[in-house]
Amino acid sequence: MFNFEKLETWKKTIAFADRVYAATAKFPESERFGLTSQMRRAAVSIASNLAEGSSRSSRTDFARFVEIAAGSLFEVVSQLMIAKNQGFLDKLDHQQLYVSAEELVRMLSGLRKSLLESLA
């Protein structure tokens with residue numbers, strides 16, 4: 001088992017990406033290379049950056065990758081709003097993903113803070 005697989009935050013990001021994939025599967029075919037692709041790539045990037053960051057030799061570097069993961073999460077949040085506005089996501093799906101994103105941003109913030117505080 002890799003170290004990052006033990007992180008609860010990483011596990012939640014994988015579950016979030018799975019939910020994004022499920023939600024975007026309902027998008028119109030015309031969005032396959034547009035919003036569907038962008039949302040999926042951004043959602044995958046969250047977990048990927050945590051995994052990559054965990055391999056870094058310093059906690060400062062890891063914290064930077066956690067910050068990048070948070071940026072990818074913010075991308076998904078913006079894309080969720082666009083998808084809802086375009087009628088690709090219903091209110092319930094949007095709300096569930098949004099609430100999950102709020103939880104993830106708190107977890108990512110806590111992880112980053114923990115990594116940086118351990119340096120002091």
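- One finds the NZ atom of K84 at 12.0 Å from the CD1 atom of I82 (value rounded to the nearest 0.5 Å).
- At most 12 non-hydrogen atoms from other residues, nucleotides or ligands lie less than 6.0 angstrom from NZ of K113.
- Summarising the geometry, atom OG1 belonging to T24 is positioned 3.5 Å from atom CZ belonging to R40; distances are rounded to the nearest 0.5 Å.
- Across every non-hydrogen atom of L111 and F62, the tightest pair is CD2-CZ, 4.5 Å.
- Scanning all heavy atoms of the two residues, the minimum distance from S72 to A42 falls at CB-O, 3.5 Å.
- Put simply, I14 and V66 are part of the same group of oily side chains (I, L, V, M, F, W, Y) that touch within less than 4.5 Å, one to the next.
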For T13 and M107, run side chain to side chain contact (heavy atoms under 4.5 Å, CB included): C-alpha distance rounded to whole Å, both residues' side-chain angles, the deciding distance at 0.1 Å, then the answer. CA-CA 10 Å; T13 63; M107 293 178 81; over 6 Å; no
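- Taking the six-membered ring for Trp and thresholds of 30 and 60 degrees, F4 and W10 have ring planes more than 60 degrees apart, a perpendicular arrangement.
- The shortest heavy-atom contact between M39 and V20 is O-CG1, 3.8 Å.
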Output, in order, the C-alpha distance, side-chain angles, deciding distance and verdict of side chain to side chain contact (heavy atoms under 4.5 Å, CB included) for V44 and Y21. CA-CA 9 Å; V44 167; Y21 264 76; 3.8 Å; yes
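- Between the side chain of T36 and the backbone N or O of E31 there is at least one donor-acceptor pair closer than 3.5 Å.
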Donor-acceptor pairs under 3.5 Å, side chain of residues 92-103 to any protein atom, not counting sequence neighbours: which ones?
| unit_1 | atom_1 | unit_2 | atom_2 | d |
| --- | --- | --- | --- | --- |
| D93 | OD2 | K26 | NZ | 3.3 |
| S100 | OG | R19 | NH2 | 3.0 |
| S100 | OG | Q96 | O | 3.1 |
| E103 | OE2 | K12 | NZ | 3.1 |

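- Residue A83 comes nearest to F27 through the heavy atom pair CB-CZ, 3.6 Å, listed as atom of the first residue, atom of the second, then distance.
- Taking each heavy atom of L116 and A63 in turn, the nearest pair found is CD2-CB, 3.7 Å.
- In this structure, CD1 on I68 lies 10.5 Å from CG on L50, to the nearest 0.5 angstrom.
- The CG atom of L73 sits 10.0 Å away from atom OG of S78, with the distance rounded to the nearest 0.5 Å.
- Put simply, OG on S58 and CZ on R64 are 12.5 Å apart, with the number rounded to the nearest 0.5 Å.
- With hydrophobic clusters built from ILVMFWY side chains whose heavy atoms lie under 4.5 angstrom apart, L80 shares a cluster with V105.
- Distance CD1/I46 to CZ/F74: 10.0 Å, rounded to 0.5 Å.
- Between the side chains of S37 and R41, a donor-acceptor pair is found at a separation under 3.5 Å.
- L115 and F65 fall into different hydrophobic clusters, where Ile, Leu, Val, Met, Phe, Trp and Tyr are joined by side-chain heavy atoms under 4.5 Å apart, directly or via other members.
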